[in-house]
Amino acid sequence: MASTLATSDPVAPTLGRQRRRKPHPLRRVVLPFVGVAVLIALWQLVCVVFDVPTYIIPRPTDVFSTLTSERSLILTHLQPTLLETIAGFLIGNGVAVVLAILFVHWRSAERALMPVAIFIRTIPIVAIAPVLVIMLGNGYAPKIVIAALISFFPTLVNMVKGLDAVDRQAMELMKVLSASRRETFFKVRMYASLPYLYASLKIATGNAVIGAIVAEWIGSQKGLGYLIIQSTYNYDTPLLYSVMVAASLIAVVFYALVEIAERLTVKWNPEETP
Amino acid sequence: MTTLIDGHTQTDAIRLADVSMTFDSDRGRVTALDGVNVEFARGGFTSLLGPSGCGKSTLLRVVADLLQPTGGQIDMLGQTPHAARTGRKLGFVFQDAALLPWRSVIDNVVLPLKVGGGASISDHADPHELLEMVGLAGRESALPHELSGGQRQRVSIARALICKPQVLLMDEPFGALDEITRDRMNDELLRIWAATGTTILFVTHSIPEAVYLSQQVLVLASRPGRVKEMVPIDLPQPRDRSVRDTAEFTAAAGYLRRVLEEC
């Protein structure tokens, strides 16, 4: 069950993509920036040429000036969102990892709880957000729970898959060596699961930000989600776009941190199954 | 699987008495081993040869206590296979080297000393000396993916030897290597065998490899897996590659081929 679900997640391709040869480092760094710069220039060009009103699409220059002028406002509202994202990310992934370890060592638990996890996943996050706000009040709690929920499922599925991604001969080796389950876990399974864990953590970075912001849409007085709702009502599109930039900045930095952690811990070639 | 089998002598390292192994699969019952009776002399080099599905690997796994036979008795150095395994009397070399890719070469070699009560083993080999013996001195801190297939298998042989095993079980260890590397590894293995005096059971698909390495070749027949014939290889010891060009070598290989054709 776990494996079929995992293949439907956009995680397996991430592992496969590493097989491609790495391009020249200069290209790797420069080309993405060139792409973004061209896109922004095109955006500016379209706005100017077709004289698009600012309240429909602001020009990049408008967004940039708002980002600087409204810096303190954005930063004030960025803080709660950041906190909810990080807390939700840690809790959601933490619970997922613990559950996956439980599932791998106790298959009955997997059979009993996996359907529940799948059911939770099928509920749209926008539908569950109001329920949680009613249940948990208007503080940090519902936002953290939603960010955690959205991080939870991909990591659970991937972690179960990763902990099982140990080849038969490695398991036989551990048996020849009379290794205990604990030793097999800490010496083999844990390492085998790391590439899978990082793949899902990277997905969770973006998702946790989305979860926190969606939760803030509902009756919140602070956070980037609140700012999005406010600026939309006021047709303050430069501010709306600035908030979008800030939100994706959180996600990008977060993603980069996970990537760095991966490079520091996964030094072997994960293409080779142990 | 209990005590000694009658007539046990010190010259036999491993004795199998009427060992059977059946698996229940979806397609019914499969008899992998059917009443196998065989002895392996202490310090001897025996190859297990046979068509696919003849139970070579199963036999090796039964001896290694990775599988429990459904019938018969096995005597390993006067102990049960379980006692021999937990006492680190046997080393196992897998086809794909089975190195842990996140552990460096030296950490892979000493793995048997880190798990399963291996820390209490005081009489073990020096890992650096072992790496020198398998020709990998200086590569201690390399990770497995930085090594070639042959080098990886050398590491796995060093790992299998770290606890000074009396029996070395090898499951097609050179099957995935190219022919040139395989020839070189064969010479290395003969050298290691001479240096350690270990009893070796060596599963292979290759007739020339079996003839070159072994003192005797156990030919197994398939469906059900059973002993066809134990063929002694009377070629001079120690051997080098020139033996492959002799008429005796060709004759032995030819004989094995004819026996295999009857399987």
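A note on names: the letters A, B, ... follow the listed sequences, proteins ahead of strands, and every chain is numbered from 1. Here the structure is a predicted model, which is why all the values come from computation and not from measurement.
Heavy atoms closer than 4.5 Å to chain A are found in both the backbone and the side chain of B/Arg85. Contacts of B/Gln95 with chain A are made by both backbone and side-chain atoms, with heavy-atom separations under 4.5 Å.
One distance of note links CG of A/Leu173 with CG of B/Asn108; it measures 8.5 Å at 0.5 Å rounding. With values rounded to the nearest 0.5 angstrom, A/Gln169 atom CD is found 8.0 Å from B/Phe92 atom CZ. Here the CG-NZ distance, from B/Leu100 to A/Lys187, works out to 10.0 Å after rounding to the nearest 0.5 Å.
The nearest pair of heavy atoms linking B/Leu111 to A/Met174 is CD2-SD, 4.3 Å. Taking all atoms of both residues into account, the shortest heavy-atom contact from A/Ala170 to B/Ala98 is N-CB, 4.3 Å. Contact between B/Lys114 and A/Glu183 at its shortest, heavy atoms only, is O-OE2, 4.0 Å.
At distances below 3.5 Å, not a single donor-acceptor pair connects side-chain atoms of A/Glu172 with backbone N or O atoms of B/Leu66.
The local environment of CD in B/Glu140 is crowded, with over 12 non-hydrogen atoms from other residues, nucleotides or ligands closer than 6.0 Å. Within 6.0 Å of CD in A/Glu259 there are more than 12 heavy atoms belonging to other residues, nucleotides or ligands. Counting heavy-atom neighbours within 6.0 Å of B/Arg29 CZ, excluding the residue itself, gives a total of 12 or less. Residue-environment remark: CG (A/Leu264) exceeds the threshold of 12 foreign heavy atoms within 6.0 Å.
The aromatic rings of B/Trp102 and A/Tyr191 lie parallel to each other, with less than 30° between the two planes, well short of the 60° mark.
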